[in-house]
Amino acid sequence: MDSIEIGLWVTGGMMVMVLLGMRVAFAAAMAGLVGLIWIFWAKKGMDPEQFGWALTVAVKTAGQVPHGKVASQALSLIPTFILIGYLAYYAGLTRALFEAAKRWIAWVPGGLAVSTVFATAGFAAVSGASVATAAVFARVAIPEMLKIGYDKRFAAGVVAAGGTLASLIPPSAILVIYAIIVEQDVGKLLLAGFIPGLFSAIVYGALIIGLALTIKNFGPPVRGFTWKQRFASLPPALPIVAVVVIIIFFVYNPFGGDAWGTPTEGGAVGAFIIFVMALARGMRWAQFKDAIIETARLSAMIFTIIWGVLIYVRFLGFADLPHAFSDWITSLEYSPLLILICILLAYAVLGMFMDAIGMLLLTLPVVYPAIMALNGGEMVSAADSTFGMSGPMCAIWFGILVVKMAEFCLITPPIGLNCFVVAGVRDDLSVQDVFKGVTPFFIADAVTIALLVAFPQIVLWLPSLA
């Protein structure tokens with residue numbers, strides 16, 4: 001049995017373990033270790049006397065992965081981004097954002113739901129976690145929508161879908177993970193997420209307005225705010241703007257010259273600003289402790305998944321499966337655009353059974369090289385490429401597409417994590433209610449992804465300036 005066959009058997013076994021309910025981190029780590037043992041033992045002709053040697057080499061190889069990769073400075077972005085989100089909640093910025101959005105936007109048809117979408121987009125700009133965004137606005141926005149007559153299922157769906165925007169709008173933990181796995185520039189990927197994230201929020205808002213115009217008593221607009229009340233709502237939300245500006249300047253200086261520092265340093269400064277703001281607004285020790293514990297819990301979960309999957313990735317390298325998959329993809333006699341669409345559809349199906357981070361970590365080591373090969377290679381110029389963009393730009397474009405698919409998977413049954421979070425926060429809602437409420441947003445996400453594929457400059461314009 002050659003290494004490719006071993007790779008296919010081990011990958012199939014890992015998928016079975018995941019479908020049977022084993023955590024992605026442990027399934028990937030176990031599959032990677034077993035695969036490494038199998039690969040090294042096969043090199044010795046499966047000699048029983050050489051099994052001990054194969055086991056020793058495999059354990060040493062796997063053991064080098066966690067520290068070697070997780071010690072990367074880029075990964076230190078993740079806990080700082082998550083901490084920003086939790087501290088922002090205790091600083092009262094979520095309530096301030098929602099109030100500002102309500103006073104400025106709620107006059108349109110379905111206005112309170114539209115306000116919720118743009119408030120979640122604003123909170124996403126200081127929170128790297130979709131789950132945290134959904135949990136916070138389930139407490140803040142759903143009661144307001146129910147008070148004026150929204151259907152509780154749709155109100156929950158708005159919050160669950162709006163929470164997914166944190167996956168794209170920087171600071172985004174998933175974008176950082178993508179950048180590390182495919183070894184691309186973290187700063188440019190974070191920049192690339194701004195416009196698609198805002199674009200997604202606009203499409204969500206347009207969907208809600210369309211529903212409000214066609215369905216009777218869908219959700220009445222909220223009027224009566226004076227201009228004075230509207231402008232008075234802006235100062236409490238200004239810390240959000242400050243953090244966004246800081247992160248932009250630490251990634252890319254729009255006025256020319258060097259950036260102020262690294263994205264990691266920008267995340268740390270942003271966390272400190274929100275921390276000071278939370279203290280000024282009365283955050284107590286118990287709340288600070290909760291923020292730290294929740295940050296540590298979510299960070300530990302993400303890092304554990306990364307550790308396990310990277311062991312599996314190391315095995316894939318020895319099995320040469322990514323190269324074989326790239327050769328197979330490029331040999332297909334179909335349109336490259338059709339192949340890309342099929343890969344994105346495969347992500348939609350896979351996301352029904354796996355969490356977003358685990359799905360990307362498991363698939364990118366195989367899928368990413370294939371997409372790069374399809375475009376003409378890592379270093380291809382725009383003129384010689386298949387998709388009309390250079391290798392580095394293709395990596396950014398594909399990254400935004402797969403992260404948008406990961407957003408989509410956060411609200412698809414049966415694993416849609418945001419839906420479970422919203423249902424967990426609200427005792428009056430079942431998971432089935434939330435899944436019914438997010439159904440219209442599947443259409444909005446499909447439209448957004450189609451437009452990002454058709455018009456890559458929506459993604460690439462901002463990073464092309466850096």
*Asks:* Please check: side-chain N/O of D384 versus main-chain N/O of S381, any donor-acceptor pairing under 3.5 Å?
*Replies:* no
*Asks:* Whether the side chain of T164 engages the backbone of E407 through a donor-acceptor N/O pair (distance < 3.5 Å, no angle test) should be reported.
*Replies:* no
*Asks:* A side-chain contact here means heavy atoms from C-beta on lying under 4.5 Å apart; do F442 and I411 qualify?
*Replies:* yes
*Asks:* Quick check on F272: does its CZ atom have over 12 non-hydrogen neighbours (other residues, nucleotides or ligands) under 6.0 Å away?
*Replies:*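 Counting other residues, nucleotides and ligands, CZ of F272 stays at 12 neighbours or fewer.
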*Asks:* Using the test side chain to side chain contact (heavy atoms under 4.5 Å, CB included), find all partners of A27 that sit at least two apart in sequence or belong to another chain.
*Replies:* M14, M17, V18, M22
*Asks:* Within a strict 4.5 Å, meaning less than it, do heavy atoms of the T412 and V438 side chains meet?
*Replies:* no
*Asks:* Check side chain to side chain contact (heavy atoms under 4.5 Å, CB included) between A296 and all other residues, then give those that pass, not counting sequence neighbours.
*Replies:*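 Per chain and number, A296 pairs via side chain to side chain contact (heavy atoms under 4.5 Å, CB included) with no residue.
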*Asks:* Between the main-chain N or O of L452 and the side-chain N or O of W397, is there a donor-acceptor pair closer than 3.5 Å?
*Replies:* yes
*Asks:* Please examine the side chains of T448 and Y204, heavy atoms only from C-beta on, and report whether any two atoms are closer than 4.5 Å.
*Replies:* no
*Asks:* Looking at T11 and L8, would you say the former's side chain and the latter's main chain have a donor-acceptor pair under 3.5 Å?
*Replies:* no
*Asks:* What heavy-atom pair brings I181 and L364 nearest, and what distance separates the two atoms?
*Replies:* CG2-CB, 3.9 Å
*Asks:* Closer than 3.5 angstrom, by distance alone: can the side chain of W41 be matched with the main-chain N or O of D47 as a donor-acceptor pair?
*Replies:* yes
*Asks:* Quick check: closest heavy atoms across A291 and L83, and the distance to 0.1 Å?
*Replies:*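 Nearest heavy atoms, A291 then L83: O-CD1, 4.4 Å.
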*Asks:* Looking at every heavy atom in both T116 and V159, which two are closest together, and how far apart are they?
*Replies:*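 In terms of heavy atoms, the two residues are closest at CG2-CG2, 4.1 Å.
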*Asks:* Please check this pair: side chain of K152 against backbone of D428, looking for a donor-acceptor N/O pair closer than 3.5 Å.
*Replies:* yes
*Asks:* Quick check against the 3.5 Å criterion: does T439 have a side-chain atom that pairs as donor or acceptor with the backbone of F435?
*Replies:* yes
*Asks:* Does any N or O in the side chain of T363 come within less than 3.5 Å of the main-chain N or O of V367, such that one atom is a donor and the other an acceptor?
*Replies:* no
*Asks:* With the side chain counted from C-beta on, respond yes when R153 and V434 share a heavy-atom pair under 4.5 Å apart, and no when they do not.
*Replies:* no
*Asks:* Is V403 close to L189 at the side-chain level, that is, under 4.5 Å between some pair of heavy atoms?
*Replies:* no
*Asks:* Does the side chain of V117 reach to within under 4.5 Å of the side chain of I202, using non-hydrogen atoms?
*Replies:*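 A side-chain contact is absent here, since even the closest heavy-atom pair is not under 4.5 Å.
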*Asks:* Is L460 close to I396 at the side-chain level, that is, under 4.5 Å between some pair of heavy atoms?
*Replies:* yes
*Asks:* Going through the distances and angles, do Q184 and Y368 end up as a side chain to side chain donor-acceptor pair (under 3.5 Å)?
*Replies:* CA-CA 12 Å; Q184 291 296 320; Y368 172 78; 3.0 Å; yes
*Asks:* Locate the shortest heavy-atom distance separating A29 from I311; write the atom from each residue and the value.
*Replies:* O-CG2, 3.9 Å
*Asks:* T386 side chain to L374 main-chain N or O, any donor-acceptor pair under 3.5 Å?
*Replies:*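 Indeed, once roles are kept as given, a pair shorter than 3.5 Å links the two residues.
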*Asks:* Could you list all the ring pair (Phe, Tyr, Trp, His ring centres under 6.0 Å) pairs where at least one residue sits in residues 175-201, not counting sequence neighbours?
*Replies:* none
*Asks:* Looking at side-chain heavy atoms only, is the closest gap between F51 and F40 below 4.5 Å?
*Replies:*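 Of all side-chain heavy-atom pairs linking F40 with F51, none is under 4.5 Å.
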*Asks:* Which heavy atom in V425 sits nearest to a heavy atom in A138, and how many Å separate them?
*Replies:* CG1-CB, 3.8 Å
*Asks:* Keeping to residues at least two apart or across chains, list the ring pair (Phe, Tyr, Trp, His ring centres under 6.0 Å) pairs with something in residues 325-348.
*Replies:* F325-W328
*Asks:* My understanding is that only residues two or more places apart in sequence, or in another chain, count here; which of them pass side chain to side chain donor-acceptor pair (under 3.5 Å) with N375?
*Replies:*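 Per chain and number, N375 pairs via side chain to side chain donor-acceptor pair (under 3.5 Å) with no residue.
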*Asks:* By side chain to side chain contact (heavy atoms under 4.5 Å, CB included), which residues pair with R284, not counting sequence neighbours?
*Replies:*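 For R284, the residues satisfying side chain to side chain contact (heavy atoms under 4.5 Å, CB included) (neighbours in sequence not counted) are Q287.
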